[in-house]
Amino acid sequence: MAEKAKIAVYISGTGTNLAALIYASRLADCPYEIVLVASNVEGAGGLALAELEGIATFTHSHKGVSREQQDAAMEAAVLEARADYIVLAGYMRILSEAFVARWEGRMLNIHPSLLPKYKGLDTFARAIEAGDSHAGSSVHIVTPELDAGEVLAQVKVAIAPADTAETLAARVKPAEHQLYPRAVADYVSRGNDPDFLYAKVRELALALPETHERESHGSPGFRVGTEKTGKFFAHFANQHHGEEHIAVLVKTGSMDELLNLVESQPELYFKPAYYGASGWIGLILNRRGVDWDHVGEWLQRSWRATAPAKLTKLLDAADQF
Ligand code: GRF
């Protein structure tokens, strides 16, 4: 199994979701481990549990400090613990924008409503008040706008006629405890998930002008030009020909360039079977920290090298501005 992803969990309260995350992480094959539990509240319940379970803890009270200072102090502990992800589990502070931007795509939150409904506070009272049949909880990516990032997973919990916010909250908690560890595990594993990687490549490739998708030798490929006369500028390769990599193949300028890249950055590039001989290089996608902007740049370059002049001219003209 691949190395486990390291996560830091932020809490302010009892930490029952933290407990669920901890014990899930102790089961066989869990793809993450918790390397730090950090809190803005001294004596928060979850801290004692973390200590008891031998997990490093860090506390920095938010009292009398600015948001930025608070975030910086917590972040320093996260970096020292070498965490790859931050998982918010009842962390009751709003985060500063710069901090969120730095961790975007690497920070998750659990929010006790079926987002996009009921962002913010008092979610259960609001669901009952609205006469909803179900409440629930959502795991989402943290973005600068509160509770507004991409929803990764949800669990629904039926509302009983006699429910109060308290009784409903008490039933949503155990549902959250099922949801959060699973959603975190799926999220940290998705860099090895061919469906996820293919969807990312597809989105970038089809965002380029006049492109379409076509299968080639049983794998998805991306072409520029018309359906009739178009040419392939990228291929998606899921462990093709016994290769260990999930990759996108793009055109290099020359065999020299290809061989140089493969030799100098073997963690990023490889020479694929068959295609390599005609100048296609493989960008390895099933690895830590893929830079999707870099993948996008390669796709664009390969597109440019393949597209008919009338299309590249348009793009060249746009580049002048
Ligand atoms: C959870 O209900 C979660 O949805 C919200 O904060 C609560 C944390 O509870 N963001 P606990 O401390 O994990 O018990």
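All ligand and atom numbering here is 1-based and tracks the order in the structure.
Every atom of ligand 1 with a heavy atom of T16 under 4.0 Å away is listed here by number and element: 11 (P), 12 (O), 13 (O), 14 (O). Proximity to T14 (heavy-atom distance under 4.0 Å) selects the following atoms of ligand 1: 12 (O), 14 (O).
Remark: aromatic rings of H235 and F232 are close, center separation under 6.0 Å.
For the pair S137 and ligand 1, the shortest N or O to N or O distance does not fall below 3.5 Å. Considering backbone and side-chain N/O of H177, none are found under 3.5 Å from N/O of ligand 1.
Salt-bridge formation is detected for the pair D163/R171: a Lys NZ or Arg NE/NH1/NH2 atom is positioned less than 4.0 Å from an Asp or Glu carboxylate oxygen. Looking at E267 and R287, no side-chain N of the basic residue comes within less than 4.0 Å of a carboxylate O on the acidic one, giving no salt bridge.
Remark: Y274 engages H241 in a ring pair (Phe, Tyr, Trp, His ring centres under 6.0 Å) (not counting sequence neighbours).
The shortest contact between atom 8 (C) of ligand 1 and any protein heavy atom is with G90 CA, 3.6 Å. Counting only heavy atoms of the protein, atom 12 (O) of ligand 1 lies nearest to G15 N, 2.8 Å. Among all protein heavy atoms, the one lying closest to atom 5 (C) of ligand 1 is I110 O, 3.8 Å.
For residues 4-30, every residue pair satisfying the ring-ring contact (aromatic ring centres under 6.0 Å, His included) rule, not counting sequence neighbours, is listed here: Y10-Y91.
For the ligand labelled ligand 1, residue M92 lies outside the 4.0 Å heavy-atom shell.
By the 6.0 Å contact criterion, CD on E80 is open, its count of non-hydrogen atoms from other residues, nucleotides or ligands being 12 or less.
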